[in-house]
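Have a look at the structure below before the remarks.
Source: prediction; values computed, not measured.
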Amino acid sequence: MAGRWSTETSKWLTLSITLTFAAVSASAVYFWSKKRKELNDKKNIIEELEKSLKESLQKCAAERQGRIRAQQDLRKAMLQSVTDKLETIYPMAAIGIIQSCFSTRNGTPRQPLIVPLARAQLMFDVSRVPPASLEGLEEYSHCWIIYVFHLNTDLDKMWKHPSRSKLKAKVRVPRLKGEKMGLFATRSPHRPCPIGLTVAKVESVQGSSILLSGVDLVDGTPVLDIKPYLPYCDSIEEAAIPQWVKMDDLLAVASVDFSSEFFATLTHCWSAMDKKRSLYSSPQEFQMLIKQVLTWDIRSVSQRTQKDEISGKTDNENVSGNEFSDTIYHLNLEGLDVRYRITSSSNVLVEDVTSPNTMPPASH
């Protein structure tokens, strides 16, 4: 009896183990089948995504090529020849305007940095130049300014055919006492393309504007671009220049003096000025600006060489080198009219200053 029980127990144990192994095997098969299906699904998804990405990249590349072709076609259309000769026109607009201490062309320095107190505010068009464009510029001491000679008297020639524009190949040079020199050997503003290049000291960056000094720019000058000044490549130590360019003494005056009443008159005018617009903090500083400007003979070649028509005298005829001419010259700074006279020996006497908004102080 015991032997029979042992045999049956052994059978049931074997059957249980078999069923258990079968169940585990079935579960394992199911698990791996599910995992394989999930992997296959993920693989299919990845393949679909890769296919979609590839199609998107191909579409973007095609669109980019299309944009490039469209831009090229647009440039070709815009740069089509407008005359029987090759002449192209490029779309450019001013990015800013100069607010300068020099109200008129007369008196504006012929070169930059020779009048350190000559200041200007470059006001940018924020629709073209967001303030972020100026970040980092304050770390430079100087910058190049590319601008337009907007007050040229011959700008109308720009719109004429070259054969009728009559642009001059040679210009009169102040340092050569009016003798002519090839246009491109000078910095004359009267050029086939009236574009100027100058350098200025960066005093500060103020939001969407730059305070500059040492400028040779007249008020209202349109600015096309600015670039930082880089001494390591912009300054060429071995650069050569003609001898006539070195003749600074021809334009330097001997002395600049002021009449005894000048400062009182300037103070009176100063009290009525718009201080918010002025680039100077006091009449003393403004008087120093006047002296720096007049340290160089700002008169035109014809003014320097013409006879004294009023007195009828010439430099060689009964005129002392220290005798002031009867001719009154004018210098307009920040709207103030500065009047001065000069001797044949280049001694300057600044006599008076007036403002359109004020009357001169009553004399006692």
Side-chain angles (χ1 to χ4, degrees), residues 96-110 112-124 150-151 200-221 223 253-299 303 324-343 346-364:
I97 298 294
I98 289 289
Q99 292 182 356
S100 170
C101 64
F102 300 107
S103 306
T104 63
R105 288 181 304 162
N106 179 46
T108 303
R110 293 184 175 90
L113 305 179
I114 64 174
V115 179
L117 275 176
R119 294 176 188 157
Q121 194 88 17
L122 173 50
M123 310 295 296
F124 288 98
H150 69 300
L151 295 182
K201 189 173 187 299
V202 178
E203 295 289 348
S204 63
V205 177
Q206 305 169 354
S208 59
S209 68
I210 306 174
L211 179 61
L212 304 165
S213 67
V215 300
D216 58 346
L217 301 170
V218 69
D219 191 59
T221 296
V223 172
V253 303
S255 65
V256 178
D257 296 305
F258 296 85
S259 68
S260 57
E261 302 86 7
F262 179 82
F263 187 74
T265 306
L266 175 60
T267 302
H268 176 73
C269 294
W270 189 264
S271 63
M273 285 182 62
D274 183 0
K275 303 301 187 301
K276 292 182 179 180
R277 180 175 172 79
S278 178
L279 296 166
Y280 301 90
S281 60
S282 67
Q284 290 88 347
E285 188 179 36
F286 194 80
Q287 183 171 342
M288 182 58 67
L289 167 68
I290 296 172
K291 186 169 185 177
Q292 287 186 4
V293 173
L294 294 179
T295 296
W296 302 89
D297 194 339
I298 64 174
R299 296 176 300 170
Q303 286 177 327
F324 284 102
S325 167
D326 291 333
T327 303
I328 301 294
Y329 298 100
H330 295 262
L331 168 65
N332 198 306
L333 296 173
E334 289 202 327
L336 296 184
D337 181 27
V338 179
R339 296 190 293 277
Y340 69 97
R341 292 191 295 149
I342 188 169
T343 70
S346 297
N347 295 296
V348 174
L349 176 63
V350 185
E351 294 188 330
D352 196 14
V353 58
T354 58
S355 168
N357 301 323
T358 62
M359 294 295 290
S363 58
H364 298 283

Of all heavy-atom pairs between [X] and [Y], which one has the smallest distance, and what is that distance?
X	Y	result
V215	P109	O-CG, 3.9 Å
V253	L294	CG2-O, 3.3 Å
S213	P116	CB-O, 3.6 Å
V218	I98	O-CG2, 3.9 Å
S100	A120	CA-CB, 3.9 Å

With no hydrogens and no angle check, is any side-chain donor or acceptor of T265 less than 3.5 Å from a backbone partner on D352?
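Absent.
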
Got a donor-acceptor contact below 3.5 angstrom from the T104 side chain to the N106 backbone?
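Such a contact is found between T104 side chain and N106 backbone.
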
For a 4.5 angstrom cut-off between non-hydrogen side-chain atoms, does [X] reach [Y]?
X	Y	answer
V350	Q287	no
V293	F102	yes
T221	H150	yes
F124	I210	yes
L279	L211	yes
L289	C101	yes
D219	S103	no
R277	E334	no

What distance separates [X] [atom1] from [Y] [atom2], expressed to the nearest 0.5 Å?
X	Y	atom1	atom2	value
L333	S278	CG	OG	10.5 Å
L336	T354	CG	OG1	7.5 Å
Y329	Q303	OH	CD	5.5 Å
I290	L117	CD1	CG	11.0 Å
S281	W270	OG	CH2	7.0 Å
S209	L122	OG	CG	8.0 Å

Hey, are N347 and S255 close enough side-chain-wise for a donor-acceptor pair under 3.5 Å?
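Looking only at side-chain atoms, N347 and S255 do form a donor-acceptor pair, the distance falling under 3.5 Å.
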
Could you check whether the rings of F286 and Y280 sit parallel, tilted or perpendicular, using 30° and 60° as the cut-offs?
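Rings of F286 and Y280: perpendicular, over 60°.
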
Test side-chain contact (heavy atoms from CB on, under 4.5 Å) applied to T327 and R341, step by step:
CA-CA 6 Å; T327 303; R341 292 191 295 149; over 6 Å; no

What verdict does the side-chain contact (heavy atoms from CB on, under 4.5 Å) test give for L266 and F258, after you've listed the backbone C-alpha separation in whole Å, the side-chain angles of each residue and the deciding distance to 0.1 Å?
CA-CA 11 Å; L266 175 60; F258 296 85; over 6 Å; no

